[in-house]
Amino acid sequence: MSPTIILAILLIFLGSLRYILIPYASKNGRKLPPGPRPLPIIGNLHMLTTLPHRGLRDLALKYGPIMSLRLGHVRTVIVSSSEAAELFLKKYDAVFAARPRGQASNYVLYSSKGLSFSEYGPYWRHMKKLIMSQLLCQSKIESFTGLRREAFLSLLEELKSAAAAREVIDISGKVGELIETITYRMILGRGNDDKDDLKGIINEVLSLIGAFNLADYVPLLGPLDLQGQTRRLKKLSKRIDQLMENILVQHEQARERQGECDSTHEDFVDVLLSLKKQHDINSQADDNHQAFTIERDNIKAILLEMMGGSFDTSFTTILWTFAELLRNPRVMKNLQAELESVIGTGKMVEERDLGKLEYLDMVVKESFRLHPVGPLLIPRESREDTTIEGYYIPKKSRILVNAWAIGRDPSLWSQNADEFYPERFIGKDIDVRGHDFELLPFGSGRRGCPGIQLGLVTVRFVLAQLLHCFNWELPSGMEGKNIDMTESFGLAVGRANSDLLVKPTYRLLFG
Ligand code: HEM
């Protein structure tokens, strides 16, 4: 027997002792939330299905909206009702404002030097303030209106040619390229470049951050790297750093050549480099100046998070909505009727029109309700021992809020909860910004998504343009009800079969 196997058996035996000796159902006589009995070592890991949000909803129907599982050695609380979500994300938000750190965020996000996985505290607050005031504020988002319009115009020309030739196209690929162009130009000031495989690297970052890593749940097995994740992460972290360093150097050289540029049109790299420069000057002038410095690693981590946060989420949401519209021609017709009456077929949609499109707003909400791209949000971690609804939640418990289960709860959304029916929002004052706990696509509270405004503008703008400029048919012989809506789990939950074949017909009066 190899020494590795002997070591694994020994570790498993020692680990088992711990869980056999420590009772699961209560801690220091205090009652933990109910849940299925865990096995030694793996706990309830064997109960996680390939689509965990669905499996966890089924378990919650048996054990209740505040349910306890043990995933490997990690005590995990699953929150599955809107009332319970309000308790965890509003009343006790400060207690659950931490994020668990895993191997992936350590290796590929510069030991969590960005925002998403940084420890809750002064550093996180500083980063959040910086990001909200400099990168994701209304004026900065509006400064990229022209970029989004221009990127769509080039897609429009492609689609018009396809329409004239009566071609069938894969709209998923086209929307993917459009969102990529918008994202990379806004953040890096340039498009994708095959030379450095930016897209491949970002995709791998997203896939590794979203992947299940055994080492995070059973640290005893970490050194064995049974899934090979640690090796992949180490290799990727070197490639990422080379790529990010090149991006920073190219920007620094361009700034030296051209001098400081007009701040309203700076891409995110420029903004962060300017802040770093300002910061360095202030620190030199005053030794006690700042508790936090902005180093190159902070900038690289933030940029990676902005790219990851922008791309997959908006792209996936647009695709789910488009697929639902093809499956529900009645809704597509209603939406086009709204566009026709509010905008008119003599011109394209502009971003300033979006606020007038009430039916579009309901369509997007309905899509977020049925297909939240982060069905379990991003895990939280409790910062102290707490008791909620009589259940003891120990410090360092992991909290998963099942936004997908809440969005499909028939007690909130009636018996047609699984149907795509935007009219359910008529006369209801429910928004997606984290104030209404029955609809949580962006999470809520302190750790809620800082990119809501940018995400909503991108999703609404692209959908409105596509539906206003074209009629869409499925290829002959295919029916809407046959569109594959199977999900694939990852950091963003998208359609497993990503192709979406359609035939466009141009419908505007000009061009
Ligand atoms: C349709 C678009 C988007 C959706 C559905 C979405 C969804 C989410 C969700 C569910 C969370 C976790 C919230 C929680 O734990 O309560 C989150 C966090 C986050 N999102 Fe978004 N997001 C979107 C767009 C964006 C954009 C455009 C950016 C940045 C450019 C962004 C950056 C982030 C960051 C940095 C966090 C972590 C915040 C923290 O931990 O403090 N997101 N997002």
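Both counts, for ligands and for their atoms, begin at 1 and track the order of listing.
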Is the positively charged end of Arg398 above the ring of Tyr217, judged by distance under 6.0 angstrom from the centroid and angle within 45° of the axis?
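Arg398 over Tyr217 ring: yes.
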
Under the 6.0 Å and 45° cation-pi test, does Arg327 pair with Phe322?
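That pair does not qualify as a cation-pi contact.
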
For Thr486, which residues count as a side-chain contact (heavy atoms from CB on, under 4.5 Å) partner, sequence neighbours excluded?
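Partners of Thr486 under the side-chain contact (heavy atoms from CB on, under 4.5 Å) test: Asp484, Ala496.
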
Using a 3.5 Å cut-off on N/O to N/O, what pairs does ligand 1 make with the protein? A line per pair would be great.
from     : atom 1 : to     : atom 2 : distance (Å)
ligand 1 : 15 (O) : Arg99  : NH1    : 3.1
ligand 1 : 15 (O) : Arg99  : NH2    : 3.2
ligand 1 : 15 (O) : Arg380 : NE     : 3.2
ligand 1 : 15 (O) : Arg380 : NH2    : 3.4
ligand 1 : 16 (O) : Arg380 : NH2    : 2.6
ligand 1 : 16 (O) : Ser444 : N      : 3.3
ligand 1 : 40 (O) : Arg99  : NE     : 3.2
ligand 1 : 40 (O) : Arg99  : NH2    : 2.9
ligand 1 : 40 (O) : Ser116 : O      : 3.4
ligand 1 : 40 (O) : Arg447 : NE     : 3.0
ligand 1 : 40 (O) : Arg447 : NH2    : 3.3
ligand 1 : 41 (O) : Trp124 : NE1    : 3.0
ligand 1 : 41 (O) : Arg447 : NE     : 3.1

Is it the case that the ring center of Phe442 lies less than 6.0 angstrom away from the ring center of Phe368?
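Yes, ring centres under 6.0 Å apart.
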
Does Ser118 reach the main-chain N or O of Leu115 with its side chain, forming a donor-acceptor pair under 3.5 Å?
yes

May I ask you to decide whether Asp385 forms a salt bridge with Lys395, counting only side-chain N to carboxylate O separations under 4.0 Å?
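Salt bridge between Asp385 and Lys395, a charged N being under 4.0 Å from a carboxylate O: no.
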
